[in-house]
Amino acid sequence: EIESYYACPFKHFVSYGLKLAEQETSEIKANEYGNILHEYVKEIVPYIRRNQDLSNLPEFSINTLDQILTKKQYEHLVLSPTNKNDIKSLQKEIFRINEALIRLNNSSSLNPLWLEHGFKGFEVGNADVKIGLKGVIDRVDFADDSFTIIDYKTGGTEFKDFSDIASGKKLQL
């Protein structure tokens, strides 16, 4: 607050005295976009796994997305006419996701056991320093003594070599 006051006393007064904030918009925020897609994947993976015939997948996908968008936390997105293009973008993305999930399903002997699996109380470190970890793992596939952990990402990212990982620049690929 002190830094804010010295930067601009009027802005400080508006923020901390009047407690005014910017008006929320109805635009789809990046975290909402990701949350919607995570919810979608949680529904679509079991559907792909249990159905040999995926001819109804496009219809099921659109219906699933529509159901997600009718949830209270997303209803403002659908009600705003300015989000039509963003919703079309979501629809395109779910079809891209479908292709990737079908490819993974057809090429792997591992089976998805955990989707959006929460964990906490996991510690790493040494005798002097312990760091507690908690979070949500997007997906873990198992088969016998093998497993893979999958972290879904939207948007493009490039991976050139392991120096990006070693330097901490790209920990989530």
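Both backbone and side-chain heavy atoms feed into the values below; hydrogens, waters and symmetry mates do not. Nothing fancy with the numbering, it's 1 onward along the sequence. In this text, all values refer to a predicted model and were calculated from it rather than measured experimentally.
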Open item on the list: Once ring pair (Phe, Tyr, Trp, His ring centres under 6.0 Å) is applied, do any residues pair with Phe95, and if so which ones, sequence neighbours excluded?
Closed with: none
Task: Backbone of Leu77 reached by a side-chain donor or acceptor of Ser80 within 3.5 Å - done: no
TODO: Run the salt-bridge test on Glu99 and Arg96 with the 4.0 Å N-O cut-off and return the result as yes or no.
DONE: no
Task: Lys/Arg-Asp/Glu bridge criterion (N-O < 4.0 Å) met for Glu75, Lys72 - done: yes
Open item on the list: Rounded at 0.5 Å granularity, tell me how far CZ in Phe10 sits from OG in Ser15.
Closed with: 9.5 Å
Open item on the list: Could you report the tightest heavy-atom contact between Pro46 and Val41, atom names first, then the distance?
Closed with: CD-O, 4.4 Å
Task: CA sep, side-chain torsions, deciding dist, call: Phe142, Trp114, side chain to side chain contact (heavy atoms under 4.5 Å, CB included) - done: CA-CA 9 Å; Phe142 291 91; Trp114 295 338; 4.1 Å; yes
Open item on the list: Would you compute the distance between atom CD1 of Ile87 and atom CD of Glu93 and round it to the nearest 0.5 angstrom?
Closed with: 15.0 Å
Open item on the list: Is there a path of hydrophobic side-chain contacts, each under 4.5 Å between heavy atoms of I/L/V/M/F/W/Y residues, joining Leu57 to Leu104?
Closed with: yes
- [ ] Report the distance from atom CD1 of Ile137 to atom CG of Asp151, rounding to the nearest 0.5 Å.
- [x] 9.5 Å
Open item on the list: Would you say that more than 12 heavy atoms from the other residues, nucleotides or ligands in this model lie under 6.0 Å from the CD1 of Ile131, or not?
Closed with: no
Task: Shortest non-hydrogen contact from His76 toward Asn83 - done: O-ND2, 4.3 Å
- [ ] Verify, without hydrogens or angle tests, whether Asp53 (side chain) and Ser55 (backbone) share a donor-acceptor contact under 3.5 angstrom.
- [x] yes
Open item on the list: Could you measure the distance from the CZ atom of Arg103 to the CG atom of Asn98? Nearest 0.5 Å is fine.
Closed with: 11.0 Å
Task: Sidechain N-carboxylate O distance under 4.0 Å for Asp86, Lys88 - done: no
Open item on the list: Hydrophobic clusters here meaning ILVMFWY residues chained together by side-chain heavy-atom distances under 4.5 Å, can you tell me if Leu90 and Leu79 are in one?
Closed with: no
Open item on the list: side chain to side chain contact (heavy atoms under 4.5 Å, CB included), that's the test. Do Asn51 and Asn56 meet it? Break it down for me.
Closed with: CA-CA 10 Å; Asn51 289 292; Asn56 288 342; over 6 Å; no
Open item on the list: Test your reading of the model: is there a side-chain donor-acceptor pair from Asn105 to the backbone of Leu101, 3.5 Å cut-off?
Closed with: no
- [ ] For the pair Ile97 and Leu37, evaluate side chain to side chain contact (heavy atoms under 4.5 Å, CB included) and give the outcome as yes or no after the intermediate values.
- [x] CA-CA 9 Å; Ile97 288 170; Leu37 293 176; 3.9 Å; yes
Open item on the list: Side chains of Ser61 and Tyr47 only: does a donor on one sit below 3.5 Å from an acceptor on the other?
Closed with: no
TODO: Quick one: closest heavy-atom pair of Asp138 and Ile150, and the distance?
DONE: CB-O, 3.2 Å
Open item on the list: Can you list everything that forms a ring pair (Phe, Tyr, Trp, His ring centres under 6.0 Å) with Tyr40? Sequence neighbours excluded, please.
Closed with: none
Open item on the list: Arg139 vs Val45, test: side chain to side chain contact (heavy atoms under 4.5 Å, CB included). Steps then yes/no.
Closed with: CA-CA 10 Å; Arg139 177 174 168 174; Val45 167; 3.7 Å; yes
Open item on the list: How close do Ile48 and Leu54 get, counting heavy atoms only, and between which atoms?
Closed with: CA-CD2, 4.2 Å
Open item on the list: Please determine whether residues Ile44 and Tyr33 belong to a single hydrophobic cluster, defined as Ile, Leu, Val, Met, Phe, Trp and Tyr linked transitively by side-chain heavy-atom distances below 4.5 Å.
Closed with: yes
Could you list the donor-acceptor pairs under 3.5 angstrom formed between side-chain atoms of residues 115-128 and any protein atom two or more places apart in sequence or on another chain?
| residue | atom | partner | partner atom | Å |
| --- | --- | --- | --- | --- |
| Glu116 | OE2 | His38 | ND1 | 2.7 |
| Asn126 | OD1 | Asp128 | N | 2.9 |
| Asn126 | OD1 | Val129 | N | 2.8 |

TODO: Check whether any side-chain heavy atom of Leu110 lies under 4.5 Å from a side-chain heavy atom of Thr148, and answer yes or no.
DONE: yes
- [ ] Give a yes or no on whether the backbone of Phe60 and the side-chain of Thr64 come within a donor-acceptor separation of less than 3.5 Å.
- [x] yes
Open item on the list: Give me the atom names and distance for the closest heavy-atom approach of Tyr74 to Glu32.
Closed with: CE2-O, 4.4 Å
TODO: Tell me, yes or no, whether the heavy-atom count around Asp144 atom CG, taken from other residues, nucleotides or ligands under 6.0 Å, exceeds 12.
DONE: no
Open item on the list: Quick check on the hydrophobic clustering: are Ile62 and Ile36 connected, directly or via other members, by side-chain heavy-atom contacts under 4.5 Å?
Closed with: yes
Open item on the list: Minimum heavy-atom separation for Pro112 and Asp141, please, with both atom names.
Closed with: CA-OD1, 3.0 Å
